[in-house]
Every structure is written in C-alpha cells, then in structure tokens.
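Inspection log for the structure reproduced underneath, given as structure tokens.
We count ligands from 1, going down the list as the structure has it; atoms in each ligand are counted the same way. Not measured: the values here are computed from a predicted model. Index from 1, following the sequence.
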Amino acid sequence: MQDRTYTADAEPGDHVTVAGWVHEVRDLGGIAFLILRDSAGRIQVKFEKDEMDEELVETGLGVSRESVVSVTGAVEEEPRAPTGVEVTPEGMEVVAPADPELPLDPSGKVDADLSTRLDNRTLDLRKDEVQAVFEVRAEILRAARETFRDLNCTEINTPKIVATGTEGGTELFPITYFGEEAFMNQSPQLFKQLIAGSNVERVFEIGPIFRAEEHNTPRHLNEATSIDFEGAFCDESDAMDVAEAVVRSAYEAVAENCTEELEALDLADDFEVPEEEFPRLTYEETIERINATGELDDQLVWGDDLPTEGEKALGEDVGSHYFITDWPSEIKPFYIQDHDDDEQLSTGFDLMHPTMELVSGGKREHRYEQLVDGFEQQGLDPEQFDYYTKMFRYGMPPHAGFGLGGERLVMTILGLENIREAVLFPRDRQRLSP
Ligand code: ATP
Ligand code: MG
C-alpha cells in the first residue's frame, strides 16, 4: 500500500495514513476512541462527535472489531493514549469488514482452547503473545543459520519424497509416486551424509521431517522441523560442540533481539541464557543417577531405553542442558559408529533439555563393509540403499552430525506446554487441516 505508515513510526506533527485491524472501539459519549492495530503495534484514533464530519464518525463507531481499516489524519501528542500519540482522522475507509461474530477473540479477553486457536490461526496470530512465539521462532532459526555459517557450514536442501526411509519400517508415511510406492522422508540423514562426503564437507539443513508415529504427546508432531548438521572429519565430540553452540546462540539471539516478544510472553524478567558448558554424562552415569533419584518404580539396567519419567527426574537433578554419551550400541541406529575399543558402546549422543530430548547425533559408520553389515543386521535390504552405500566405496571420510528438533527448541526456550503452539499448522493424529 502506497504511503502507508506503520503505527510505531507515527510521530507528532506527521500527517499519515495508517492501516490495520480494529482492535477495539471505546465510545465515551462525546468522544470515542478506535484502537487500530498493525504488525508494528497500536495507535489511538480519536473521534469527537460534535466537531467532526457525521459520516466519518459513523464509519468510525460503526465498524466491527477486527475489520481492516485505513485512516488518514494528523498525529498529535497525547500522553493518555497507549503509545503517547493519537491520530485525528480526516478520512477513514473500511477496507475489509469482519463479521461481528468471531470464532475467537483476538483481544484475548475470552480464552480459547488450543484446538479452536489452531482452527482459526489467522485470528489467533493477531494476539501479541501468539505473534511473539512465531517472531521468536523466526529469530531462533535465523540464529541457527548464522551460527552454522560462522562454523563454515553450507546450507543444503534434500528431497522429502524418497524411495526408502532412513531406518525403514513403521514410522514412514507412504505416498503414491507416479503409480509407485514412495515415502515422505523421516530424516535427511542419508542425504546429508552423502554431501558431507563430497568436497562440501560441512553441511546443515533446516527442513521438514515426517514421522508416522501413532502416539499423540505434547512433544511429538507428525511433521516437524529438523535442524540437521553433518561434518566431514568430525567425531561425536565435535558434533556435540556444534549442537551446543547452536542451542546457546538461539538463547542469546532471543535474549538480545526479542525483548518485546519476551515481554508479550511474560518471560522478560526471568529469561536466562545458559552460561555453563553443558555437562556430558555417559549412559552408565545417567542410569545410575536416575536410579539414585528414587523416582522410578523399577531400577534401570544397562541396555534399557530411558523412560520419560526417568528423563524428567534426571533433568531436575542436573538442572541444565546436558549430553548423554556412550549409549549401548543396540539402542542406537545402525548407521552410528561403535567405539573402536568397545563395540558394545556407541558414539551416539543425545542433548537433553531438563524436560526433554532435543538432539540425537553421533559419529557415523563410514566404512563400507561395516555399513552394509549394519543394514543386514537391521533387517534392511542393502540393495535398496545402494544409492547411499555405493558412495562409501569412493572415499568417504569419517564424519559426524546430529538432528535437532526445531519445535522442541522453540518450545523449551519459551517454556511452551504443547509443541503444537510452536507450529503454525501442526500435523498430528487429529489434524490434517488447516
Ligand atoms: P523421541 O525419542 O523424543 O521420540 P527420537 O529419538 O525418535 O525422539 P530422533 O530420531 O533422534 O528422535 O530425532 C532427532 C530430534 O528430532 C529429536 O531429538 C527431536 O528433537 C526431534 N524429533 C524427532 N521426532 C520428532 C517428532 N515426532 N516431533 C517433534 N520433534 C521430533
Ligand atoms: Mg533420538
């Protein structure tokens, strides 16, 4: 729109056209105020009934909430107005009227449940605290990109329609691809490795992953955003360093660049950037510490996967982000390398927020024979993965990497209760539209 001024830029003495949504109309009798809202903020528009053109006053007071309007007039200082200025209108146009009955109240005075909010995201995002989540999410992804670039990584984009899954099996969504069965990719794992093995060496990708997980939890989606890293000549410790740098930079960026958003979310006072280095616990230490909390009915033994209550108890005990390293090989994927001196021990690691898993990673199996054996042991047909294993015969350097859940990062940074709040249009068991 030509010559439009954002509400936040309107200064006393200016003559402006502001455009946005009708936040509310307050009729005080002889005088009435219309609060106009745009992406930058809000501004008060003053109607003096006896002194202004009748038609203009009628338009201003008759317009329904959430209608889109444009108002032209002079900006004056007004200390009692929410932003210290107000517009005295000369002209007003209702650009797009809103039905008087709204399915959701963007002023937030009436609470809506998550399902109603997700069904009406356009209206939901007109609330400051909801817009703030997505401004923060954008900043987190920007910071992640910047950190990867600083660490010499190249951003890549790999296919989401694939012939075979990463680990095969149950978590795949099948689709029909020109009459043939194909799948939505559950992870860029194999592709990012293929590129780390080229001259590009260090890569990252921020893109969707699809998991046909049946369970419905507050931290699982069926379509999520994965922040992936893979680096040639890296070992698991290098990959952990990168994961830690990305997570820390996300907190720093939010603290530095999202002050208004944190305020809208009521987090400004106690938002903390993790300062200390994230401790690295071995799996063995982890199960001992979980057992010592006494929170579990059954003591964990070597080889057990960590139950959610165990993760929670340990998270409270540790009180910060932490890594779990040296997992039993049998509970980590086959493409992760075992330690040279102990093949029961995997180089796989997880990075944990006190409340949940954020990252899984490890050093990859780059030796052709071992890799093909791994496919067979997993019950997968290596022939089907020939496009992948073949490249391991032509000079595949040692390499390591990780996958970091983008929504889990946003969720844990902002303390959101449900991962769906960190996604515009979540995909879960119940939700396929909008
Ligand atoms: P979990 O055990 O929590 O289900 P996972 O170990 O199956 O996760 P990975 O395959 O290790 O997940 O994926 C790497 C990261 O991607 C996870 O640590 C998590 O942050 C994120 N992630 C994986 N699956 C999902 C999902 N269904 N919804 C949201 N994020 C996910
Ligand atoms: Mg994992």
Side-chain angles (χ1 to χ4, degrees), residues 137 140-141 144 160 165-173 184-193 204-230 236 239-240 242-244 246-247 250 278 283 286 304-312 314-315 321-336 346-364 378 400-413 416-431:
R137 177 183 161 119
I140 288 171
L141 296 182
K160 305 306 158 202
T166 309
E167 292 156 60
T170 51
E171 288 187 0
L172 289 166
F173 283 113
M184 302 305 293
N185 207 4
Q186 61 197 162
S187 150
Q189 182 62 33
L190 307 186
F191 293 107
K192 63 179 179 171
Q193 287 186 260
F204 75 100
E205 175 164 7
I206 300 180
I209 55 170
F210 303 89
R211 306 225 169 162
E213 300 173 290
E214 304 256 334
H215 50 268
N216 232 338
T217 82
R219 58 197 170 90
H220 286 92
L221 295 161
N222 293 107
E223 176 174 353
T225 308
S226 188
I227 302 174
D228 273 89
F229 164 77
E230 204 67 30
E236 66 278 19
M240 283 188 264
V242 174
E244 182 162 347
V246 170
V247 169
F278 302 165
Y283 168 85
T286 302
D304 286 346
D305 219 333
L306 305 183
T308 309
E309 321 86 77
E311 286 178 2
K312 264 185 74 182
L314 181 61
H321 290 81
Y322 63 98
F323 287 99
I324 306 175
T325 67
D326 304 282
W327 288 76
S329 304
E330 64 196 49
I331 51 176
K332 280 291 170 190
F334 67 92
Y335 52 79
I336 295 188
S346 155
T347 62
F349 64 84
D350 282 3
L351 169 57
M352 310 292 296
H353 176 271
T355 57
M356 75 189 77
E357 177 189 319
L358 282 183
V359 175
S360 282
K363 183 163 188 277
R364 315 308 186 183
Q378 191 80 12
F402 63 77
L404 157 62
E407 286 81 14
R408 291 213 187 156
L409 185 60
V410 176
M411 178 185 182
T412 51
I413 288 180
L416 304 176
E417 268 168 35
N418 194 315
I419 196 165
R420 291 160 184 77
E421 293 179 59
V423 196
L424 288 171
F425 300 107
R427 291 289 168 261
D428 63 23
R429 272 312 283 279
Q430 276 81 40
R431 266 182 191 280

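The aromatic rings of Tyr283 and Trp327 lie tilted to each other, with the angle between the two planes from 30° to 60°.
Inclusion of Leu358 in the set of residues having an N or O under 3.5 Å from an N or O of ligand 1 is warranted. Residue Gly405 has at least one nitrogen or oxygen atom sitting less than 3.5 Å from a nitrogen or oxygen atom of ligand 1, judged on distance alone. Considering backbone and side-chain atoms together, Ser226 places no N or O closer than 3.5 Å to any N or O of ligand 1. Here's the thing with Ile419: none of its N/O atoms is less than 3.5 angstrom from an N/O atom of ligand 1.
Interface of Arg219 with ligand 1, defined as ligand atoms under 4.0 Å from a residue heavy atom, comprises 3 (O), 28 (N), 29 (C). When each atom of ligand 1 is checked for a heavy atom of Ala224 under 4.0 Å away, the hits are 28 (N), 29 (C), 30 (N). Taking a cut-off of under 4.0 Å to the non-hydrogen atoms of Gly403, the atoms of ligand 1 that pass are 14 (C), 15 (C). Residue Ser360 approaches ligand 1 through these ligand atoms, each under 4.0 Å from one of its heavy atoms: 11 (O), 18 (O). For ligand 1 and Glu357, the ligand atoms under 4.0 Å from any heavy atom of the residue are 2 (O), 5 (P), 6 (O), 8 (O), 11 (O), 12 (O), 17 (C), 18 (O), 20 (O).
Looking only at side-chain heavy atoms (C-beta outward), Arg408 and His220 come within less than 4.5 Å of each other. Between Phe323 and Glu244, some side-chain heavy-atom pair lies under the 4.5 Å cut-off. Inter-residue side-chain proximity for Leu141 and Ile227 is flagged as met; some heavy-atom pair is nearer than 4.5 Å. Within the 4.5 Å cutoff, side-chain heavy atoms of Thr325 are placed close to those of Met240.
No side-chain N or O of Ser226 forms a donor-acceptor pair with one of Glu205 less than 3.5 Å apart.
With distances taken over non-hydrogen atoms, the option nearest atom 31 (C) of ligand 1 out of Gln186, Met411, Arg408 is Arg408.
Screening Arg429, Arg431, Gln430 for a side-chain hydrogen bond (donor to acceptor under 3.5 Å, both in side chains) involving Asn216 leaves a single residue, Gln430.
Residue contact check for ligand 1: Arg211 places a non-hydrogen atom closer than 4.0 Å to it. Heavy-atom distances between Met356 and ligand 1 stay at or above 4.0 Å for every pair.
Between the Mg ion (ligand 2) and the N, O or S atoms of Glu357, the shortest distance is to OE2.
Considering only residues two or more places apart in sequence or on other chains, Val246 meets the side-chain contact (heavy atoms from CB on, under 4.5 Å) condition with Ala144, Thr147, Phe148, Val242, Leu404.
How far NE2 of His215 is from CG of Asn222: 8.0 Å, rounded to the nearest 0.5 Å.
Residue-level proximity to ligand 1 for Val359 is carried by the backbone, the only part with a heavy atom below 4.0 angstrom.
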